[in-house]
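Accompanying notes for the structure given below.
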Amino acid sequence: MLENKRLLIIGHGRMGKWFAKELSKINNIEIMVYDIKNQDFQKSRNYVITNDLKKVSEFNPSFILNCAPLSNTIDAFENIVENINNKKNIVFGDIASIKNDVKKFYQLHNLKYVSFHPMFGPTFANMGNLKGENVIFISGSENNYLEFFKSFFTKYNLKIHTLSFDEHDKMMAYSLSVPFISSLVFAGRVDKTIVPGTTFAKHLSIAKGVLMEDTNLISEILFNSLTVEEIGRINSNLEYLKHIIMTKDKEELEKFLSKLRNNVL
Ligand SMILES: O=C(O)C(=O)C[C@]1(C(=O)O)C=C[C@@H](O)C=C1
């Protein structure tokens with residue numbers, strides 16, 4: 001396993017912080033976090049935070065987990081790779097929400113990788129109790145690190161899935177883009193003077209969460225090349241619904257609802 005390994009985490013943002021804190025609870029694993037902003041020092045941590053690439057190079061990591069924002073993931077990798085020796089012995093890891101760029105990066109440089117996607121975050125998940133949340137591993141990931149992270153996530157009672165890079169991105173065009181788009185469409189019709197019903201308030205709370213996400217994250221999820229096809233599907237459903245409403249066709253509505261109930265219930 002990973003005893004006596006030195007893990008470098010790139011980025012001390014929302015997910016980087018969580019991984020640093022949780023992974024540093026494991027014995028015999030040394031953790032350093034590299035963050036260009038180098039903000040938020042606290043002596044009580046079990047890990048070191050630095051913005052000094054010399055320190056990173058001296059640390060001589062055996063594994064690098066990239067938790068930088070999606071739009072900086074590749075730049076952050078390149079910056080580190082240029083400044084450390086011994087690259088051939090390092091396994092590269094990422095938690096990117098869209099895998100296309102990291103896939104190309106690993107292939108281009110012929111790197112050993114472990115790539116996964118925690119399908120949760122501090123906006124909506126209870127980070128203190130992740131039971132039932134999901135994580136997707138990418139096939140082809142380096143076996144010992146794959147096993148290490150699988151057993152790490154098992155402790156949090158997460159559901160574990162495995163997909164290829166391409167299967168993953170195809171699924172994200174749907175499982176992230178569709179709810180994001182739905183929330184944006186809903187937010188476009190929100191008026192602060194509304195007296196909300198319970199359903200409205202629930203939608204509003206989700207829309208608020210989505211809109212509080214970083215614009216870079218939202219753009220990377222929406223600009224996934226497969227998202228446009230999903231918008232096409234949403235549009236045709238809307239057109240169909242509009243037709244049903246305009247013709248007040250209850251029978252057709254029953255069929256439509258029955259299909260939707262079948263999808264979700
Ligand atoms: O921050 C959260 O609560 C999330 O749920 C994050 C969320 C999502 O909206 O589903 C967003 C991006 C991810 O890569 C995975 C999950």
Side-chain angles (χ1 to χ4, degrees), residues 9-23 65-77 92-103 105-106 113-139 141 149-150 152-153 156-188 190 201-227 230-231 234 263-264:
I9 294 176
I10 307 177
H12 201 236
R14 301 185 323 158
M15 293 306 283
K17 233 179 237 175
W18 184 80
F19 276 107
K21 183 168 154 253
E22 298 303 313
L23 288 166
L65 182 62
N66 195 333
C67 297
L70 192 53
S71 52
N72 295 334
T73 304
I74 301 302
D75 285 352
F77 263 149
F92 291 77
D94 76 87
I95 59 163
S97 304
I98 305 294
K99 298 293 184 191
N100 190 35
D101 290 348
V102 286
K103 169 189 154 187
F105 178 79
Y106 296 143
Y113 65 84
V114 54
S115 182
F116 51 89
H117 185 182
M119 295 295 293
F120 53 86
T123 309
F124 292 121
N126 173 357
M127 298 302 277
N129 179 11
L130 291 168
K131 188 168 192 259
E133 299 284 354
N134 294 281
V135 58
I136 301 173
F137 281 92
I138 301 300
S139 44
S141 289
F149 278 103
K150 276 188 178 170
F152 167 72
F153 284 127
Y156 300 88
N157 287 308
L158 296 186
K159 287 188 225 149
I160 291 173
H161 310 262
T162 305
L163 295 173
S164 71
F165 282 117
D166 294 348
E167 286 165 344
H168 169 274
D169 283 5
K170 206 165 167 194
M171 186 173 283
M172 290 312 111
Y174 155 71
S175 71
L176 288 179
S177 293
V178 171
F180 274 42
I181 290 164
S182 306
S183 288
L184 299 187
V185 168
F186 176 79
V190 169
K202 283 196 170 183
H203 277 281
L204 185 61
S205 126
I206 297 178
K208 280 184 182 167
V210 168
L211 285 164
M212 272 155 55
E213 296 278 14
D214 174 59
T215 303
N216 285 326
L217 176 78
I218 298 177
S219 70
E220 296 294 331
I221 285 167
L222 295 183
F223 295 169
N224 176 344
S225 58
L226 301 163
T227 295
E230 288 300 334
I231 294 192
I234 292 171
N263 286 350
V264 302

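Just follow the structure's listing: the first ligand is 1, and inside any ligand the first atom is 1. Residue numbers count from 1 along this sequence.
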### Task
Check K99, K103, H117 against H168 for a side-chain hydrogen bond (donor to acceptor under 3.5 Å, both in side chains) and give me the one that passes.
H117
### Task
Over 60° means perpendicular and under 30° means parallel, so classify the ring planes of F153 and F149, tilted if in between.
tilted
### Message
So, using side chain to side chain donor-acceptor pair (under 3.5 Å) as the criterion, who are the partners of T123 when residues are at least two apart?
### Response
R14, E213
### Task
Give the protein residues with at least one non-hydrogen atom closer than 4.0 Å to an atom of ligand 1, ordered by chain and number.
R14, S97, H117, P118, M119, F120, G121, P122, T123, F124, A125, L176, F180, E213
### Query
Is the ring centre of Y113 less than 6.0 Å from the ring centre of F92?
no
### Message
For N134, give me all partners under side chain to side chain donor-acceptor pair (under 3.5 Å), at least two apart in sequence or on another chain.
### Response
H161
### Task
Kindly write out the residues that satisfy side chain to side chain donor-acceptor pair (under 3.5 Å) with Y106, not counting sequence neighbours, or none if the list is empty.
D94
